[in-house]
K.L.:
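Quick one: structure below, then a few questions.
Per chain, numbering begins at 1; letters A, B, ... match sequence-line order. Side-chain atoms are counted along with the backbone in the values below, which use heavy atoms only and exclude waters and symmetry mates.
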Amino acid sequence: MKKLRRSFYTRSTIAVAKDLLGKIFIRKIGNSSLSGMIVETEAYLHTDPASHSYRGKTERNSAMFDTGGHLYVYFTYGMHFCANVVTSNKNTGEAVLIRAVEPIEGIEMMTKNRLLDDRRRHSDDRRLHTLTNGPAKFAQAFQLTRQQSGIDLTKSEMFIVDAGVNVRRMIVAGVRVGISAGKGKKWRFYLKNNPWVSKK
DNA sequence: AAGGCGATTGCCT
DNA sequence: GGCAATCGCCTTT
């Protein structure tokens, strides 16, 4: 279990988006630990009209311009958070959106986090594959909000490790989800046949 | 100062 | 498959 270091994150955004698949995202909270294998990502480049960084640095997206290895969390649709891993060098403005993980540790706490504090959820959906199969679901399960935006994944209780799983042959590339500009780019990457991937 | 809309989700038809 | 929920950000007056 090797913790990913700065040099992993400061490479090209597309390379990092692919290489994050199969890695384990870990967040320590007190004595407990939340973890999941990353199974779906999307790359957002600074030259890309779909990227928050396309029109330059603002207060909202400033974490995206930090050095690779930081976290960028944003608020959207008036109710959801989504988490990104910042890539490339300082002031570049590129990141990888984590769209889905396969839960490993802390499933009970994740379930609680997903059911708790959700004004829109009236049912009691406890199916495992709906726990973290989407960017806002992942953020909610791992308790990621604006408060976590800007933290350094190489120097905190939140980090990503390489468990030595080789998923290279399972990677599929496709178009990104939910954007209106930059639709042609196949910068979404996911693991073939994994049940936690948000969309086929 | 105002208005449009979003890197989504869950419920309803 | 369609659409409401809900609010902060950014663009346009």
K.L.:
Could you tell me whether A/Arg11 and A/Asp19 make a salt bridge, using a distance below 4.0 angstrom between a side-chain N and a carboxylate O?
P.N.:
yes
K.L.:
Please report the distance, rounded to the nearest Å, between CG in A/Asp48 and P in B/dA7.
P.N.:
11 Å
K.L.:
Is there a path of hydrophobic side-chain contacts, each under 4.5 Å between heavy atoms of I/L/V/M/F/W/Y residues, joining A/Phe142 to A/Tyr72?
P.N.:
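The answer is no; the residues belong to distinct hydrophobic clusters.
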K.L.:
Can you tell me the distance, in whole Å, between the CZ atom of A/Phe81 and the C1' atom of C/dC9?
P.N.:
14 Å
K.L.:
Take atom NZ of A/Lys199 and atom P of B/dA7, then tell me their distance rounded to the nearest Å.
P.N.:
13 Å
K.L.:
Rounded to whole Å, please give me the gap between CG in A/Asn61 and C1' in C/dG8.
P.N.:
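Computing the A/Asn61:CG to C/dG8:C1' distance gives 14 Å.
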K.L.:
Kindly point out which of B/dG10, C/dG8, B/dA7 is positioned nearest to the side chain of A/Arg114?
P.N.:
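Selected nucleotide (nearest to the side chain): B/dG10.
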K.L.:
NE2 of A/His80 versus P of C/dA4: gap in Å, rounded?
P.N.:
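Those two atoms, NE2 and P, are 15 Å apart.
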K.L.:
Can we say A/Arg176 and A/Asp48 salt-bridge, meaning some charged N sits less than 4.0 Å from an Asp/Glu carboxylate O?
P.N.:
yes
K.L.:
At under 4.0 Å between heavy atoms, what does A/Ser198 touch on the DNA or RNA strands: base, sugar-phosphate, or nothing?
P.N.:
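No contact at all - A/Ser198 keeps every heavy atom at 4.0 Å or more from the nucleic acid.
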K.L.:
Output the rounded distance in Å from CE (A/Met79) to P (B/dA7).
P.N.:
14 Å
K.L.:
Should the ring pair A/Phe75 and A/Phe81 be called parallel, tilted or perpendicular, given that the plane angle runs from 0 to 90° and is split at 30 and 60?
P.N.:
tilted
K.L.:
Treat primed atoms plus P, OP1 and OP2 as sugar-phosphate and everything else as base, then score nucleotides 1-6 of chain B 5' to 3': B for base contact with protein heavy atoms under 4.0 Å, S for sugar-phosphate contact only, - for none.
P.N.:
-----B
K.L.:
Could you go through A/Glu94 and A/Ser53, starting from their C-alpha distance and side-chain angles, then the distance that decides it, and tell me whether this counts as side-chain hydrogen bond (donor to acceptor under 3.5 Å, both in side chains)?
P.N.:
CA-CA 7 Å; A/Glu94 305 201 345; A/Ser53 58; over 6 Å; no
K.L.:
Examine C/dG8: is either OP1 or OP2 under 4.0 Å from a nitrogen or oxygen in the side chain of A/Arg146? Give yes or no.
P.N.:
no
K.L.:
Output the single nucleotide from B/dT8, C/dC10, B/dT9 whose closest atom is nearest the side chain of A/Arg99.
P.N.:
B/dT8
K.L.:
Would you say the rings of A/Phe25 and A/Phe138 are close, in the sense that their centroids are separated by under 6.0 Å?
P.N.:
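Here the rings of A/Phe25 and A/Phe138 have centres that are less than 6.0 Å from each other.
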K.L.:
Quickly work out the A/Gln140 CD to B/dT9 P distance and round it to whole Å.
P.N.:
10 Å
K.L.:
OP1 or OP2 of B/dA7 less than 4.0 angstrom from a side-chain nitrogen or oxygen of A/Ser51, does that happen here?
P.N.:
no
K.L.:
Classify the nucleic acid contact of A/Ala136 as base, sugar-phosphate or nothing, counting any heavy atom under 4.0 Å across all strands shown.
P.N.:
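A/Ala136: backbone/sugar contact only, no base atoms under 4.0 Å.
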K.L.:
Rounded to whole angstrom, note down the P distance from C/dT6 over to B/dA2.
P.N.:
23 Å
K.L.:
Please give, in whole Å, the distance from B/dG10 C1' to A/Asn133 CG?
P.N.:
12 Å
K.L.:
Look at all strands and tell whether A/Leu97 reaches a base, only sugar-phosphate, or nothing, counting heavy atoms closer than 4.0 Å.
P.N.:
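Touches a base.
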K.L.:
I would like to know whether A/Asn113 and A/Gln140 meet side-chain hydrogen bond (donor to acceptor under 3.5 Å, both in side chains); could you show each step before the answer?
P.N.:
CA-CA 6 Å; A/Asn113 293 340; A/Gln140 190 179 30; over 6 Å; no
